[in-house]
Trainee: 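My questions all concern the structure below.
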Amino acid sequence: VDEPLPFSAVNFRMLDTAKRNAQKAGLRNQSINGYMQKVRAVMNDAYDNGVIYEPFVLSKKLKLPKQKREVNICTSEEFSKAIEKVKDVRDWQALAFYLLMFCCRGMYPADIVSLRVANFRNTEANTDDDYNFHLNVLCEQGHDYLIHRRHKTKNKANDDMVIRIDSNLLDLIIMLKRSVIYTHYKRKPEIIPPVKDTIRIFNYDVDIDNDLHQNVWDNWKKRVSRLLGHSFKTARKTYDTASANLDFSQTVRQILLGHIEESMLYYYGDTNSKEMSKKVQAAHISVLERFDTDALISQMLSKLSELDITEWLHYGWAYIGDDEERYYLDSL
């Protein structure tokens, strides 16, 4: 059994050797610096508790320079090639969620779970009795706006995001919703939402059921990395990079990503003014066009039609009212 490392052995020579070995092993400079800071914290704690009798000083020579991190983003060409690799509905769902996250200005899975028709700007036409309600009723101009607060910053003083949802993106959302019913109704019925909420894909609270959330998304996370070579988190970075390449102002980029906090309003002014809103929505459309999202959505829906569940998605499910909600799943 290895003996515990004595505090007296922790010196410059030992740490310098550890640093060099870590570099040879391929660890990033930031990671090595982080480990050194942890060593310093342990040694300082030992000094404060009288275990060692001299204060520990971490030599500046042990600190490594920051490395420029390679930006990991997806291209529309990569995404199109990934669609061709889809073999089943779960593959399709993984890519559809990634595309939805991108089109919604860099959402994360927790944000997708919070999608609700009630969060749309034009919800007056929807009533509890209108079970056949579709967002198309609200889209007189072919779009509506989702009022969204990012899950990651929901407890901060950030402005709500106003996200344009086009009718073609709505088609993708509806097919995602129906496909999740198809794949999860029997296996995880607790996540299936009311059918009457057109864009609600899930029926759980991330903050309350985080274990369930991780379990539900684990398979899609693995599949999107395998098919696309990128994680869901890169959808946000890809969106931001596209906006940067289009040379928008820093203000517009911040608003697009939902980064505007109360403390920043002093510098940016009224981010909800009509003039600024027009700039932001025009910028968003430009980003979508840059990534060729209309063509990718069409390709996604076409790919879905090649799978063996297409007929079920269109005809094999229905909402039955009465006293409770039930799904007609006789073809499963």
Side-chain angles (χ1 to χ4, degrees), residues 1-75 78 101 105-111 150-158 210 214 218 221-222 224-225 228-245 247-268:
V1 180
D2 293 336
E3 293 290 329
L5 182 70
F7 284 102
S8 59
V10 182
N11 52 38
F12 175 83
R13 184 176 179 179
M14 187 273 279
L15 293 176
D16 187 57
T17 300
K19 178 191 74 173
R20 294 177 189 278
N21 288 338
Q23 286 178 300
K24 290 179 181 178
L27 269 69
R28 294 181 58 83
N29 287 5
Q30 289 92 320
S31 297
I32 298 172
N33 289 339
Y35 289 133
M36 291 296 173
Q37 294 302 323
K38 287 181 174 63
V39 170
R40 182 174 67 174
V42 170
M43 296 298 289
N44 286 336
D45 188 62
Y47 174 73
D48 292 339
N49 287 280
V51 179
I52 60 177
Y53 302 103
E54 292 184 7
F56 178 79
V57 178
L58 185 67
S59 173
K60 292 182 180 179
K61 294 180 180 179
L62 294 170
K63 186 175 182 179
L64 294 167
K66 290 185 177 180
Q67 295 170 308
K68 185 177 181 181
R69 177 168 290 185
E70 183 179 350
V71 179
N72 182 16
I73 62 170
C74 178
T75 66
E78 284 179 310
M101 291 174 194
R105 289 165 38 185
M107 284 187 174
Y108 288 150
D111 297 302
R150 291 185 64 213
H151 183 268
K152 188 174 181 180
T153 57
K154 66 179 181 179
N155 295 323
K156 297 183 179 180
N158 297 57
N210 188 255
Q214 297 301 328
D218 183 62
K221 288 178 180 179
K222 292 176 181 176
V224 78
S225 294
L228 193 58
H230 301 282
S231 68
F232 283 129
K233 287 186 177 181
T234 63
R236 184 172 179 81
K237 191 63 180 177
T238 298
Y239 185 93
D240 186 36
T241 301
S243 68
N245 290 337
D247 201 27
F248 302 135
S249 70
Q250 184 65 17
T251 307
V252 170
R253 284 183 63 197
Q254 293 278 9
I255 297 173
L256 283 173
L257 290 175
H259 280 169
I260 298 298
E261 300 180 17
E262 188 175 9
S263 60
M264 300 169 69
L265 296 180
Y266 175 81
Y267 300 99
Y268 291 128

Trainee: Within the distance-only criterion (no hydrogens, no angle test), does the side chain of His230 pair as donor or acceptor with the backbone N or O of Ile73 below 3.5 angstrom?
Mentor: yes
Trainee: For Lys221 and Gln214, what are the C-alpha separation, side-chain angles and deciding distance, and is it a side chain to side chain contact (heavy atoms under 4.5 Å, CB included)?
Mentor: CA-CA 10 Å; Lys221 288 178 180 179; Gln214 297 301 328; 3.4 Å; yes
Trainee: If you look at every heavy atom in Gln23 and Leu64, which pair is closest and at what distance?
Mentor: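 Heavy-atom minimum between the residues: NE2-CD2, 3.5 Å.
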Trainee: Go through Asp240 and Lys237 one step at a time and tell me if the side chain to side chain contact (heavy atoms under 4.5 Å, CB included) criterion holds.
Mentor: CA-CA 5 Å; Asp240 186 36; Lys237 191 63 180 177; 4.2 Å; yes
Trainee: Could you tell me which non-hydrogen atom of Ala9 sits nearest to which non-hydrogen atom of Met14, and how far apart they are?
Mentor: O-CB, 3.5 Å
Trainee: For the residue pair Gln37 and Arg40, confirm or rule out a side-chain donor-acceptor distance under 3.5 Å.
Mentor: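 Yes.
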Trainee: Can you check whether Phe56 reaches Val42 side chain to side chain, under 4.5 Å on heavy atoms?
Mentor: no
Trainee: Taking side chain as C-beta onward, heavy atoms only, is Met36 less than 4.5 Å from Lys63?
Mentor: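 Side chain of Met36 against side chain of Lys63, heavy atoms only: no contact under 4.5 Å found.
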Trainee: Are more than 12 heavy atoms, taken from residues, nucleotides or ligands other than Phe12, located less than 6.0 Å from that residue's CZ atom?
Mentor: yes
Trainee: Work out which heavy atom in Phe232 is nearest to a heavy atom in Pro109; give both atom names and the distance.
Mentor: CD1-CG, 4.3 Å
Trainee: Kindly compute the distance separating CD1 (Ile32) from CG (Leu15), expressed to the nearest 0.5 Å.
Mentor: 12.0 Å
Trainee: When you check the gap from the basic side-chain N to the acidic O, do Asp16 and Lys19 get nearer than 4.0 Å?
Mentor: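 Looking at Asp16 and Lys19, the cut-off is met.
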Trainee: Drop me the distance from Asp247's CG to Arg253's CZ, to the nearest 0.5 angstrom.
Mentor: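 Those atoms lie 9.5 Å apart.
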Trainee: May I ask you to test the Gln254-Thr251 pair for a side-chain heavy-atom distance under 4.5 Å?
Mentor: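 No, their side chains stay 4.5 Å or more apart.
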Trainee: Ignoring hydrogens and geometry beyond distance, is a side-chain donor-acceptor pair present between Asn49 and Asp45 at under 3.5 Å?
Mentor: yes
Trainee: Between atom OG of Ser231 and atom CZ of Arg236, what is the distance when rounded to the nearest 0.5 Å?
Mentor: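 Atom-to-atom, Ser231:OG and Arg236:CZ are 13.0 Å apart.
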Trainee: Quick one: pull up CG in Asn33 and NZ in Lys38 and give me the separation to the nearest 0.5 Å.
Mentor: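 So the CG of Asn33 and the NZ of Lys38 are separated by 11.0 Å.
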Trainee: Could you pull out the closest heavy-atom pair between Ala46 and Phe7, with the gap in Å?
Mentor: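 Residues Ala46 and Phe7, closest heavy atoms: CB-CE2, 3.7 Å.
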Trainee: Run Lys233 and Tyr108 through side chain to side chain contact (heavy atoms under 4.5 Å, CB included) and show every step you take.
Mentor: CA-CA 7 Å; Lys233 287 186 177 181; Tyr108 288 150; 4.2 Å; yes
Trainee: Has the side chain of Asn21 got a donor or acceptor atom that lies under 3.5 Å from a matching backbone atom of Ala18?
Mentor: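 No, Asn21 side chain to Ala18 backbone: no donor-acceptor pair under 3.5 Å.
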Trainee: Could you check whether any side-chain N or O of Thr238 sits under 3.5 Å from a backbone N or O of Cys74, counting only pairs where one atom can act as donor and the other as acceptor?
Mentor: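 Yes; judged by distance alone, with no hydrogens or angles, the pair exists.
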